[in-house]
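In what follows, a single structure is set out as structure tokens and then discussed.
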Amino acid sequence: MDYSNIDFTLDDAIATITVDRPDRLNALNPQTMQEIEHCIDAIRDDRSIRCVIFTGAGEKAFIAGADITAMVTMSGFEEKTFAYHGNQVLRAFEHLPIPIIAAVNGYALGGGTELALACDLILAADTARFGLPEIKLGIIPGFGGTQRLPRRVGLLRAREMIYTGDMIDAATAYEFGLVNHVYPAAELMGEANALATKIARQAPLGIQQAKAAINGGIEVDLDTGLRFETEAVGLAFSTDDKKEGMTAFLEKREPQFQGK
Ligand code: DAK
């Protein structure tokens, strides 16, 4: 598939997806969602990729939400297709056996905040702004915002953001536990790459199992979650990387993980 709304680069084991519609502040239209979905499918099949960075083109926006010019004329049927694709894409982020780092370089509004919430880690530029302004358009969040935001920041903070549509700045997002770190804008991509490189050096099957245990466990009671973890750690124990990691420790050298 030729991409017209996203840019995909692969540098060693790190893939970077950039939504590339800066004149629309990288707003998500159906074509963009299809391209992201296609890209994530391709990444899933590429065993050389160990970490993904997701960001937006330009200095102003990560993603300023769903594309209002596309939504305004959407029929009910088109809306259902858009909803289906959107939720598929965000679930695909969560099920991808590779971590995704959102590098939020500006406005992350509506679908932008929702997409970031489906990533494993969120790094923000000090210029970033988060918000779910859907209520100001007479709608409500449709890509999981009413579900993922309260789980992340708590009910009271999520309700206030969703009922008022107000934005929060990067420092507030950090205080809310919505982002891992805040950096000066010029340093954001360097920091994202440094974090991705650190993750890419770890045992990929271990990372895969840790992600599955975390994402599976967060939705269920503790006993069920602990069973997920027990299965995941059992799988990690069956890998060559487990032998390599422990042997390297005992031999006082750096491990060389192969993803086997
Ligand atoms: N869609 C389309 N165009 C957008 C856009 C958007 N979301 N955001 C910005 N743009 C366009 C602007 O119209 C403007 O276009 P021109 O006038 O140059 O042609 C250009 O990008 C630059 O924007 P501004 O001139 O407005 O830039 P400012 O710096 O003055 O303001 C801003 C930046 C981010 C504060 C402002 O652009 C803004 O408020 N943008 C809209 C934010 C927003 O309301 N986003 C949509 C949230 S609703 C669903 C699933 C999901 C959703 C809905 C349904 N279903 C399952 C059915 C999700 C909905 C949302 O995300």
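Counting starts at 1 for both ligands and their atoms, following the listed order. Predicted, not measured: the structure shown is a model, and the values here were computed from it.
- Scored by the salt bridge (Lys or Arg N to Asp or Glu O under 4.0 Å) test, R159 finds no partners at all (sequence neighbours excluded).
- Counting heavy atoms from C-beta outward, M167 and P133 have side chains that stay 4.5 Å or more apart.
- Between Y3 and H38, the two ring planes are perpendicular [angle over 60°; tilted spans 30° to 60°].
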Write out each pair where an N or O from ligand 1 and one from the protein are under 3.5 Å apart, with the distance.
residue	atom	partner	partner atom	Å
ligand 1	1 (N)	I68	N	2.9
ligand 1	7 (N)	A64	O	2.8
ligand 1	7 (N)	A66	O	3.0
ligand 1	15 (O)	R24	NH2	3.0
ligand 1	19 (O)	R24	NH2	2.5
ligand 1	21 (O)	D23	O	3.4
ligand 1	27 (O)	K60	NZ	3.3
ligand 1	29 (O)	K60	NZ	2.7
ligand 1	45 (N)	A64	O	2.8
ligand 1	61 (O)	A66	N	2.8
ligand 1	61 (O)	G111	N	2.9

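- Screening residues 102-125 for side chain to side chain donor-acceptor pair (under 3.5 Å), with sequence neighbours left out, gives T55-N105, D120-K211.
- Applying the salt bridge (charged side-chain N to carboxylate O under 4.0 Å, His left out) definition to pairs two or more places apart or across chains, those involving residues 8-37 are R21-D67.
- A donor-acceptor pair shorter than 3.5 Å cannot be found between the side chains of D7 and T18.
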